[in-house]
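Throughout, protein chains are lettered first and strands after them, A, B, ... in sequence-line order, and every chain is numbered starting at 1.
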Amino acid sequence: MSADPHYTLYHPRWYRRRVSVWWWLKNPSYARFVLRELTSVFVAFFAVVYLWQLHALVQGPEAYGQFLARLRTPLFLAVNTVAFLFVLFHAITWLNLTPKAMVVRLRGKRVPDWAILGANYAAWLVLSVAVAFVLLRR
Amino acid sequence: MDRITPLLWLLFSAGGTVAAFLFPIHLFLTGLAFPLGWLEPPPYELLHRLLTHPVTRLYLLVLISLPLFHWAHRFRYTLYDGLQLKHLTELIAVLCYGAALLGTAATAYLLWNVA
């Protein structure tokens with residue numbers, strides 16, 4: 001009876017359809033999902049750029065000058081342009097999810113989605129202006 | 001692994017929030033506006049003076065470390081789902097979180113050694 005080790009009497013093998021690695025290209029919303037997930041790669045890229053800048057600043061003025069010169073090369077300008085678009089996509093999709101991720105109640109009533117969204121976008125604007133102010137101050 | 005899963009999700013969402021609020025402006029200035037000459041990059045002395053302040057150091061640690069953990073967590077699942085690498089679960093987890101830990105250690109080391 002047990003000639004075939006893969007055969008079990010009452011438990012047939014699971015039926016699993018093979019799914020292509022490119023499953024997410026079949027539907028625009030799947031593609032958007034994968035693009036959103038891939039934003040993390042560009043988030044990590046920029047974190048490493050900032051770490052690199054910190055390294056240059058610790059080393060001294062010449063190293064910082066070299067860092068600035070490197071960022072002016074066409075390769076870095078191209079990658080940073082793409083990275084900026086992905087990071088922007090991350091920021092917008094992330095902020096748009098906040099009303100779903102956090103339900104805020106005030107005096108027993110749920111704060112409407114638009115108010116949470118508005119507060120988040122306002123915070124984004126304020127923080128961006130603050131960063132620009134510090135880095136552009138002379 | 002199961003015991004630290006809630007912590008990993010917390011780091012993911014904290015890092016995602018930091019990256020959403022702060023990365024667009026930093027990347028726009030450092031990656032595009034300064035190199036393209038639209039705006040003048042901050043001189044070395046200004047940035048170095050900023051670095052001597054503990055608040056700036058804490059800010060940079062948060063700015064670099066948390067988004068790295070955000071990447072580690074999200075990229076791990078991107079590899080699982082996108083490339084169907086479920087059989088490499090442990091290796092991928094070690095590489096992703098390991099890279100984030102390494103980046104955090106390097107940042108902390110540099111910030112500690114700012115003269």
Side-chain angles (χ1 to χ4, degrees), chain A residues 19 21 23-24 33-34 36-51 53-58 60-62 64-65 68-73 76-77 79-81 83-84 87-88 90-95 98 101 120 123-124 127-132 134-138, chain B residues 12-13 15-37 39-48 50-51 56 60 63-68 70-78 81-84 96 99-100 103 106-107 109-111 113-115:
Chain A
V19 179
V21 175
W23 57 268
W24 47 279
F33 162 75
V34 170
R36 197 191 71 196
E37 296 302 292
L38 282 178
T39 58
S40 74
V41 174
F42 297 94
V43 165
F45 166 77
F46 185 65
V48 172
V49 168
Y50 238 61
L51 179 56
Q53 184 185 32
L54 175 62
H55 179 69
L57 286 169
V58 170
E62 303 96 82
Y64 178 61
L68 290 180
R70 264 300 176 74
L71 288 193
R72 281 194 290 267
T73 57
F76 270 100
L77 284 173
V79 176
N80 278 328
T81 305
F84 177 64
V87 165
L88 215 51
H90 162 73
I92 291 165
T93 52
W94 191 265
L95 294 188
T98 44
N120 273 286
W124 187 17
L127 287 168
S128 300
V129 169
V131 168
V134 170
L135 289 178
L136 297 174
R137 187 175 48 136
R138 294 294 177 267
Chain B
F12 163 75
S13 65
T17 305
V18 168
F21 280 138
L22 297 168
F23 271 28
I25 183 67
H26 275 290
L27 180 47
F28 175 74
L29 291 174
T30 307
L32 297 173
F34 297 153
L36 288 168
L39 294 165
E40 199 62 32
Y44 175 81
E45 290 69 29
L46 173 78
L47 290 184
H48 194 264
L50 279 174
L51 265 184
T56 316
L60 283 177
L63 187 72
I64 295 171
S65 172
L66 287 180
L68 283 178
H70 167 82
W71 162 80
H73 201 63
R74 195 170 224 180
F75 192 60
R76 179 186 160 202
Y77 287 109
T78 309
D81 299 332
L83 297 178
Q84 302 171 15
C96 287
T107 309
Y109 176 79
L110 287 170
L111 289 171
N113 284 291
V114 174

Sort out for me which of A:F76, A:Y64, A:F46 touches chain B most, counting heavy-atom pairs under 4.5 Å. A:F46
May I ask you to test the A:R72-B:F34 pair for a side-chain heavy-atom distance under 4.5 Å? no
Output a table of donor-acceptor pairs, distance under 3.5 Å, between side-chain atoms of residues 15-29 of chain B and any protein atom two or more places apart or on a different chain; print 'none' if there are none.
unit_1	atom_1	unit_2	atom_2	d
B:T17	OG1	A:W94	NE1	3.1
B:T17	OG1	B:S13	O	2.8
B:H26	ND1	A:Y50	OH	2.8
B:H26	NE2	B:Y59	OH	2.7

Enter the distance from B:T78:OG1 to B:R76:CZ here, rounded to the nearest 0.5 Å. 11.0 Å
Would you mind telling me which of A:V19, A:V49, A:L38, A:L68 has the largest number of heavy-atom pairs within less than 4.5 Å of chain B? A:V19
Interchain contact, A:A130 with chain B, by part (heavy-atom threshold 4.5 Å): neither
Counting heavy-atom pairs under 4.5 Å to chain B, which of A:V58, A:V21, A:V129, A:V43 comes out on top? A:V43
ring-ring contact (aromatic ring centres under 6.0 Å, His included) filter on B:Y44, not counting sequence neighbours, yields B:H48
Taken to the nearest 0.5 Å, the spacing of A:L95 CG from A:H90 NE2 works out to 8.0 Å
Chain B interface, residue from A:N120, A:T98, A:V134 that has the most non-hydrogen pairs under 4.5 Å: A:N120
dist A:Q53:CD -> A:R70:CZ (nearest 0.5 Å) comes out at 14.5 Å
Quick one: of B:L47, B:V114, B:L111, B:N113, who has the most non-hydrogen atom pairs under 4.5 Å with chain A? B:L47
So which of B:L51, B:L60, B:T107, B:L63 has the biggest tally of heavy-atom pairs under 4.5 Å with chain A? B:T107
Looking at chain B, which one of A:I92, A:V41, A:T39, A:V48 has the largest number of heavy-atom pairs inside 4.5 Å, strictly under? A:V41
Flag if over 12 foreign heavy atoms under 6.0 Å of OH, B:Y77: yes
Most chain B-contacting option - heavy-atom pairs closer than 4.5 Å, from A:L135, A:L127, A:L88: A:L135
